[in-house]
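The chains referred to below are lettered A, B, ... by the order of the sequence lines, with proteins before strands, and numbering in each begins at 1.
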Amino acid sequence: MQKNGLQKAYNPQEVEDKWYEYWMKNGYFYANVNPTKKPYTIVMPPPNITGMLTLGHVLNNTIQDIYIRWKRMQGYEACWIPGTDHAGIATQNVVEKVLAKEGLRREDLGREKFLERVWQWKEEYGNTIIKQLKKLGVSCDWKREKFTMDEDLSNAVKEVFIRLYEKGLIYRGKYIVNWCPRCHTALADDEVEYKEQTGKLWYIKYPIENSNEFITVATTRPETMLGDTAVAVNPKDERYKHLVGKFAILPLVGRKLPIIADETVDIEFGTGAVKVTPAHDPNDYLIALKHNLEFVLAMDTHAKMNENVPEKYRGLDRYEARKEVVKDLEKQGYLLKVEDYTHSVGRCYRCDTVIEPYLSDQWFVKMKPLAEKALQVVLDGKIKFYPEKWVKVYEHWMRNVRDWCISRQIWWGHRIPVYYCDDCGEIMVEREAPKSCKKCGSSKIRQDEDVLDTWFSSWLWPFSTLGWPKDNEDLRYFYPTDLLVTGPDIIFFWVARMIMAGLEFMGEIPFKEVYFTSIIRDEFGRKMSKSLGNSPDPLDVIQEYGADALRFTIVYLAPLGQDILFSTKKCEIGRNFANKIWNAGRFLLMNIKDIELNDEIKFEYLDLADRWILSEFNKTIIELNRALETYRINDATRAIYDFLWHDFCDWYIEIIKERIYSQNSIDEKIALLSRATYIFEESLKLLHPFMPFITEEIWQKLRPRKEGDSIMIQPYPTADEQWIDESASKNMRFIQDIIAAVRAIRAEMNVPHTKQCDVLISVSDENKQTLINEHSHYIKKLAKVKDVTIGSNIVRPKFSASAVISGDEIFVPLEDLIDINVEKKRLEKEIQRFEEMLAETERKLSDQNFISRAPKEIVERERQKYENFKTTLEKLRQNYAYLIE
RNA sequence: GGGCGGUUAGCUCAGUUGGUUUAGAGCGCCACCCUUACAAGGUGGAGGUCAGAGGUUCGAAUCCUCUACCGCCCACCA
């Protein structure tokens with residue numbers, strides 16, 4: 001420890017947990033109905049209970065926390081509702097894996113015992129990700145934490161099912177669904193991932209009945225031929241016209257297949273003739289309905305060939321069956337040829353097993369009526385998407401929406417509230433399980449075995465978490481929510497459906513704005529994935545760099561809508577920034593420890609640098625708030641980063657050091673330090689939503705604070721435009737340029753930093769003379785200069801280096817230190833640079849079109865540039881001439 | 001097949017409605033510096049025909065068209 005009580009380098013591990021506990025203890029995260037305040041609500045996209053914290057979550061939740069903290073400081077009743085999702089298939093898979101280690105299958109336990117095990121697992125591990133999130137500093141209202149299978153949320157699910165059913169928007173139907181033979185359930189269309197795969201295209205000859213002819217079909221899945229019930233050709237296809245209406249004989253099976261004409265058949269593809277397998281292909285299914293074909297289900301739910309196929313194939317897995325079928329076809333002379341073929345194959349998004357299109361009974365939601373309204377509110381701008389490009393994607397999907405298959409043949413999830421009477425077949429959709437059949441009175445009642453798709457609970461999340469279907473104050477106050485932050489990959493799964501549900505059940509949009517986060521990739525642009533091992537554990541990153549550093553870095557790197565290329569090492573950006581702030585804090589603390597700050601006089605004794613920093617500070621506030629309002633989060637981080645590091649630390653602190661250590665009056669010192677402390681404190685507030693821990697730590701140390709005080713409940717700074725001072729900016733810039741020029745000369749001439757030099761400035765403008773005169777102490781201090789001489793007709797000293805700053809000359813006498821060759825090179829380069837720029841402005845100004853058509857101010861600016869470049873160039877040439885004398 | 005992004009310094013990216021930018025920053029690189037807030041730092045420097053071609057315009061990194069490469073999404077795939 002140092003004497004001032006702050007270590008030299010910031011150590012996040014020592015402070016982060018402490019402040020999180022402090023905030024929790026003081027209840028700052030909680031939100032309550034408060035009529036005197038405007039609400040600001042965010043519902044957290046509920047992570048899966050099987051989940052571990054990923055960088056995706058970090059980005060997502062950091063953004064939400066930034067907005068919640070920002071709005072909270074702005075005086076809103078900020079409510080961030082957290083929770084978790086039961087993740088039906090994923091969780092069931094995880095628990096089944098655990099069971100497998102004990103040599104058990106879920107069927108061994110039975111439904112009830114199995115569900116007990118899942119709940120047990122949930123109690124033990126389901127909150128892992130929530131615990132991990134807290135390390136990030138998220139300020140959620142933990143009293144409101146929800147789980148999609150909580151009793152009240154389950155009631156909401158049931159209520160929604162019943163209402164939609166009664167409205168005729170839920171129906172049961174036979175349909176080809178995407179069946180995962182591994183998870184043993186149907187999947188929604190968007191739960192299937194298509195991946196390119198090299199396979200084969202088999203050409204199979206089907207003999208025509210009572211003829212020597214054959215019709216050849218091409219297929220990528222020969223085993224499905226065992227379920228063929230027709231052959232289809234295009235009605236316009238001359239090759240096959242004579243066969244339509246006749247029958248083909250299915251090899252290996254012997255079934256008679258009608259040859260039908262259907263215009264969906266592509267003449268160009270394969271042979272132009274298609275085998276039709278209605279029970280195992282969605283297109284074939286549609287053809288079959290049109291033509292009244294037979295349906296032959298050739299597989300069971302495990303994708304093994306079933307009793308509807310010839311005996312020798314029964315019980316074979318679909319891939320074994322394929323081998324056998326191909327072998328037999330070849331043996332019997334039906335296989336014409338085999339080609340290599342690349343096509344995309346649907347796979348289960350949970351377990352990657354190849355999907356089997358499968359004819360079965362499922363429950364569906366009619367989407368068209370829901371989608372129309374949900375599209376409209378986005379097109380109307382009632383819900384805004386950031387970035388906007390997702391509106392188009394959304395529109396395309398909503399216009400082509402298909403019914404949503406909501407039943408899943410698993411055990412973990414919300415059971416479908418449908419009951420069947422075993423005696424009369426009556427279907428009852430009820431809130432409570434009926435004891436007897438409404439129609440026949442039988443007590444042989446059986447509940448539907450299936451559960452609902454996980455998204456059938458999450459699409460209610462923005463209002464089910466607030467207590468719906470019960471009408472209550474929370475719901476009326478906090479709904480609709482303000483912002484949703486989520487990944488674009490679930491725009492259809494979740495975002496679209498929440499909008500539908502919000503409009504349908506609340507009669508109002510569920511959120512006003514949606515921020516679609518970037519996708520995080522590794523430094524080579526590859527997706528983060530477990531199998532590549534390129535996904536760092538955020539907890540390790542937090543351990544190494546600190547949560548603030550991780551938070552800051554990840555949003556600093558995240559331009560709206562662009563992918564982020566992340567590597568752990570990049571967190572140095574945030575860590576170094578944290579350290580910089582830490583040390584600025586140390587500097588102030590060292591200097592204020594023996595004085596009494598006085599905010600009454602913080603705007604007194606203002607000099608140029610003070611007016612300049614106040615101006616820059618207020619500009620930063622405006623820029624930062626504007627950037628956050630338009631979701632340009634990385635611009636916001638840049639604004640505060642540049643201000644604190646470059647304006648405040650590099651220039652302002654360096655400049656005020658001289659005044660702090662000088663013999664100025666004590667009042668002036670107090671005013672100066674009060675001002676510097678004030679600007680720094682306000683900057684910490686600006687930064688707080690991004691880096692909550694370090695800003696709290698320093699803020700608490702900067703002045704004595706009362707127990708319970710916190711930076712997180714301070715008002716967010718607003719700009720005071722009276723401080724924006726363009727002339728201070730301009731004058732400061734001029735002084736800074738002079739300092740930079742002298743520094744450059746010193747560096748290039750290798751003037752030892754211990755040696756002071758003199759500077760002569762030749763400037764004719766009297767105002768500028770005064771300006772330099774009044775601020776020569778800045779130049780002396782920051783460029784290590786002994787004497788500054790100002791005059792309108794300064795004679796260039798021998799052995800001096802020179803520079804030209806906006807037309808005025810600077811000389812630095814160097815005596816023996818000057819290296820003529822270096823100086824010549826410097827000047828040559830500078831001359832060349834100005835020659836080029838002069839030529840460019842000259843070209844423009846001699847262009848009549850430019851003069852006549854460009855706006856006056858632009859032409860005038862160009863003229864000024866021209867004059868400036870010309871005098872600068874003259875002076876540079878003069879100085880160069882002296883050198884070669 | 002349809003749609004949407006991206007391409008700016010060795011690397012990662014800013015660059016808002018075309019002219020206040022003499023195309024910037026961070027990292028990396030080179031030189032000097034442990035100057036009493038900070039070497040996780042300071043100062044200075046090198047490094048760019050803004051992917052290519054054409055067009056609109058007095059003026060294009062910025063707007064339009066085409067091309068190339070990279071990446072995403074959707075649909076179809078017998």
Taking the [atom1] atom in each of [N] and [M], what is the distance between them to the nearest angstrom?
{"N": "B/rC73", "M": "B/rU17", "atom1": "C1'", "result": "30 Å"}
{"N": "B/rG5", "M": "B/rC64", "atom1": "P", "result": "10 Å"}
{"N": "B/rC13", "M": "B/rG71", "atom1": "P", "result": "14 Å"}

Which part of the nucleic acid, if any, lies within reach of [X] when heavy atoms closer than 4.0 Å are counted: base, sugar-phosphate only, or nothing?
{"X": "A/R833", "answer": "base"}
{"X": "A/F869", "answer": "nothing"}
{"X": "A/V751", "answer": "nothing"}
{"X": "A/Q848", "answer": "nothing"}
{"X": "A/R575", "answer": "base"}

Between [X] and [Y]: side-chain donor-acceptor atoms closer than 3.5 Å:
{"X": "A/Y203", "Y": "A/E339", "answer": "yes"}
{"X": "A/Q832", "Y": "A/E836", "answer": "yes"}
{"X": "A/T224", "Y": "A/K275", "answer": "yes"}

Could you tell me how far apart [X] ([atom1]) and [N] ([atom2]) are, to the nearest whole angstrom?
{"X": "A/F493", "N": "B/rC73", "atom1": "CZ", "atom2": "P", "value": "11 Å"}
{"X": "A/I653", "N": "B/rG42", "atom1": "CD1", "atom2": "C1'", "value": "13 Å"}
{"X": "A/L644", "N": "B/rA25", "atom1": "CG", "atom2": "P", "value": "18 Å"}
{"X": "A/R399", "N": "B/rC74", "atom1": "CZ", "atom2": "C1'", "value": "16 Å"}
{"X": "A/N583", "N": "B/rU35", "atom1": "CG", "atom2": "P", "value": "15 Å"}
{"X": "A/K570", "N": "B/rC11", "atom1": "NZ", "atom2": "P", "value": "12 Å"}
{"X": "A/R826", "N": "B/rG44", "atom1": "CZ", "atom2": "P", "value": "13 Å"}
{"X": "A/I640", "N": "B/rA25", "atom1": "CD1", "atom2": "C1'", "value": "16 Å"}

Hey, does the side chain of [X] come within less than 4.0 Å of [N]'s phosphate (OP1/OP2), counting only N and O?
{"X": "A/N579", "N": "B/rG41", "result": "no"}
{"X": "A/H646", "N": "B/rG26", "result": "yes"}
{"X": "A/K580", "N": "B/rG41", "result": "no"}
{"X": "A/Y394", "N": "B/rC4", "result": "no"}
{"X": "A/K392", "N": "B/rC4", "result": "yes"}
{"X": "A/W651", "N": "B/rU43", "result": "no"}

For the side chain of [X], starting at C-beta, report the closest nucleotide among [options].
{"X": "A/H396", "options": "B/rC74, B/rU35, B/rG15", "result": "B/rC74"}
{"X": "A/K8", "options": "B/rA39, B/rU43, B/rG41", "result": "B/rA39"}
{"X": "A/N576", "options": "B/rU20, B/rA40, B/rC38", "result": "B/rA40"}

Pair A/W390 and A/Y394, ring centroids less than 6.0 Å apart: no
